[in-house]
Amino acid sequence: MGKLDGKVAIVTGGSQGLGLGIAHALAADGAAVVLAARTASKLEAAAAEITARGGRVLTVVCDVRDREQIAACVETTVEHFGQLDIVVNNAQIQVISSLLDVTDDQVMDAFGSGALATLRFMQLAHPHMKAVGGGTFINVGSGSQLMHGKDITRYGVYAGVKDMITALSRTAAMELGGDGIRSLTISPAAMSPGLERYQQHAPERYAESLARSPFGRYGDPEVDIGRAVAWLCSDEASYITGSTIMLDGGRYYLH
């Protein structure tokens with residue numbers, strides 16, 4: 001018996017990296033998982049991985065910057081599985097740029113895929129979670145929110161979007177708690193396709209970043225991040241809401 005047997009979860013950005021790792025962990029604990037992302041081929045490959053391990057999975061092509069596509073994702077989930085219990089708001093277009101160089105379009109992409117998408121998913125999923133007596137939102141923040149000094153250079157827009165996600169998450173915990181709905185932010189540090197590219201193109205800076213963790217490594221998306229998320233979504237964590245959970249191997253609060 002899994003901790004999440006009978007639960008249904010949407011994971012945005014679920015076709016690769018952190019999102020796929022979280023989806024694997026949720027499915028392994030018994031949840032039916034809906035993978036939402038923009039690229040159909042990547043979704044199909046990710047779904048095949050989950051199915052091969054015995055999980056139940058549905059894919060939905062969804063650009064989270066579009067409210068109508070979010071609504072369609074939620075409705076397709078409920079039509080297919082009959083309910084919705086968990087939403088992991090993981091998708092995010094990453095914009096790394098100085099404040100003087102960043103464009104309006106880049107800012108809107110970061111905001112639309114991050115904070116605004118998180119808000120829209122909470123609004124549209126709420127009635128379905130309320131109908132089943134509750135649910136859980138896991139909203140993905142970032143250690144960039146804790147950067148200071150020179151480290152924050154070029155991360156202003158990205159960190160700002162993540163700060164707004166955290167504020168929305170905390171507010172949702174208060175406003176939706178009466179409906180049995182919990183809202184949490186996680187701040188992960190995990191390997192991803194983007195981080196792998198960074199390792200190849202800037203090996204010295206990548207090595208410096210590893211030195212920030214007492215463990216000398218980034219987390220595994222499924223083992224280190226996904227399993228923690230699965231537990232946070234389970235009844236065993238039913239008294240935890242409104243918090244930011246650091247899943248970063250100690251790299252941010254210890255430096």
### Query
Nearest 0.5 Å, what's the CG-OG1 distance between Leu124 and Thr77?
11.5 Å

### Query
Quick check: does any side chain N or O of Asp179 sit under 3.5 Å from a backbone N or O of Ile181, one acting as donor and the other as acceptor?
no

### Message
Given Val74, which partner from the list His128, Arg120, Gln123 fulfils the side-chain contact (heavy atoms from CB on, under 4.5 Å) test?
### Response
His128

### Query
When rounded to the nearest 0.5 angstrom, what distance separates CD1 in Ile240 from OG in Ser183?
13.0 Å

### Query
Can Ile186 be reached from Met246 by stepping across I, L, V, M, F, W or Y side chains whose heavy atoms are under 4.5 Å apart?
no

### Query
Below 4.5 Å, heavy atoms only, C-beta onward: do Phe81 and Val34 meet side chain to side chain?
yes

#### Entry: side chain to side chain contact (heavy atoms under 4.5 Å, CB included) between Leu176 and Phe137, intermediate numbers included
CA-CA 11 Å; Leu176 308 182; Phe137 291 109; 4.0 Å; yes

### Task
Could you tell me the separation between the CD atom of Gln199 and the CZ atom of Arg205, rounded to the nearest 0.5 Å?
14.5 Å

### Query
Which value, rounded to the nearest 0.5 Å, describes the distance between Ile138 atom CD1 and Leu184 atom CG?
4.5 Å

### Query
What distance do Leu247 atom CG and Ser187 atom OG have between them, rounded to the nearest 0.5 Å?
7.5 Å

#### Entry: Listed partners of Thr166 passing side-chain contact (heavy atoms from CB on, under 4.5 Å), at least two apart
Gln145, Arg170, Thr185, Thr244

### Task
Would you mind reporting whether Leu26 and Leu4 have side-chain heavy atoms less than 4.5 Å apart?
yes

### Task
Using the test side-chain hydrogen bond (donor to acceptor under 3.5 Å, both in side chains), find all partners of Asn89 that sit at least two apart in sequence or belong to another chain.
Asn139

### Query
Taking atom types as modelled and ignoring hydrogens, do the side chains of Arg182 and Thr136 form a donor-acceptor contact shorter than 3.5 angstrom?
yes

### Query
With a 4.5 Å heavy-atom cut-off, do Gln92 and Val140 have their side chains touching?
no

#### Entry: Qualifying salt bridge (Lys or Arg N to Asp or Glu O under 4.0 Å) pairs with a residue from residues 60-77, counting only residues at least two apart or across chains
Asp63-Arg65, Arg65-Asp109

### Query
Is the shortest heavy-atom distance from the side chain of Val157 to the side chain of Phe111 under 4.5 Å?
no

### Non-hydrogen side-chain atoms of Ser98 and Thr153 separated by less than 4.5 Å
no

### Message
Regarding Glu49 and His24, do their side chains bring together a donor and an acceptor under 3.5 Å, going by distance alone?
### Response
yes

### Task
Flag the pair Met108 / Asp105 as yes when at least one side-chain heavy-atom distance between them is below 4.5 Å, and no otherwise.
no

### Summary
The side-chain contact (heavy atoms from CB on, under 4.5 Å) partners of Leu195 (sequence neighbours excluded) come to Met191, Ser192, Tyr198, Tyr206, Tyr218

### Query
For Glu236, which residues count as a side-chain contact (heavy atoms from CB on, under 4.5 Å) partner, sequence neighbours excluded?
Lys3, Trp231, Ser234

### Task
Begin with the C-alpha distance, continue with both residues' side-chain angles, and end with the deciding distance and a verdict on side-chain hydrogen bond (donor to acceptor under 3.5 Å, both in side chains) for Asp104 and Gln106.
CA-CA 5 Å; Asp104 286 2; Gln106 287 175 314; over 6 Å; no

### Task
Could I get the full list of side-chain hydrogen bond (donor to acceptor under 3.5 Å, both in side chains) partners for Thr59, not counting sequence neighbours?
none

#### Entry: Side chains of Thr76 and Leu58 in contact at under 4.5 Å (non-hydrogen atoms)
yes

#### Entry: Check: Phe215 main-chain N/O paired with Ser213 side-chain donor or acceptor under 3.5 Å
yes

### Message
So does Asp235 get a backbone contact from the side chain of Ser238, meaning a donor-acceptor N/O pair under 3.5 Å?
### Response
yes

### Task
Give a yes or no on whether Val107 and Tyr155 share a hydrophobic cluster (residues Ile, Leu, Val, Met, Phe, Trp, Tyr; joining criterion: side-chain heavy atoms under 4.5 Å apart).
no

### Residue list, side-chain hydrogen bond (donor to acceptor under 3.5 Å, both in side chains) with Asp5, at least two apart or on another chain
none

### Message
The criterion is side-chain contact (heavy atoms from CB on, under 4.5 Å); which residues satisfy it with Ser41, sequence neighbours excluded?
### Response
Thr39

### Message
With salt bridge (Lys or Arg N to Asp or Glu O under 4.0 Å) as the rule and sequence neighbours excluded, what pairs involving residues 32-46 come up?
### Response
none

### Query
Could you state the interatomic distance from OH (Tyr158) to CD1 (Ile96), rounded to the nearest 0.5 Å?
7.0 Å

### Message
Please enumerate all residues that pass side-chain hydrogen bond (donor to acceptor under 3.5 Å, both in side chains) together with Arg217, with sequence neighbours excluded.
### Response
Asp224

### Task
Ignoring hydrogens and angles, tell me if any N or O in the side chain of Thr51 forms a donor-acceptor pair with the backbone of Ala47 under 3.5 Å.
yes

### Query
Can any side-chain N or O of Glu222 pair as donor or acceptor with the backbone N or O of Ile22 at less than 3.5 Å?
no

### Task
Please report the closest heavy-atom contact between Arg251 and Ser209, naming both atoms and the distance.
NH2-O, 2.9 Å

### Message
Under 4.5 Å between side-chain heavy atoms, counting indirect links through other Ile/Leu/Val/Met/Phe/Trp/Tyr residues: same cluster for Val64 and Leu168 or not?
### Response
yes

Tell me which donor-acceptor pairs under 3.5 Å the side chains of residues 7-21 have, and how far apart each pair is, sequence neighbours excluded?
{"residue": "Thr12", "atom": "OG1", "partner": "Val88", "partner atom": "O", "Å": "3.4"}
{"residue": "Thr12", "atom": "OG1", "partner": "Asn90", "partner atom": "N", "Å": "2.9"}
{"residue": "Thr12", "atom": "OG1", "partner": "Ala91", "partner atom": "N", "Å": "2.8"}

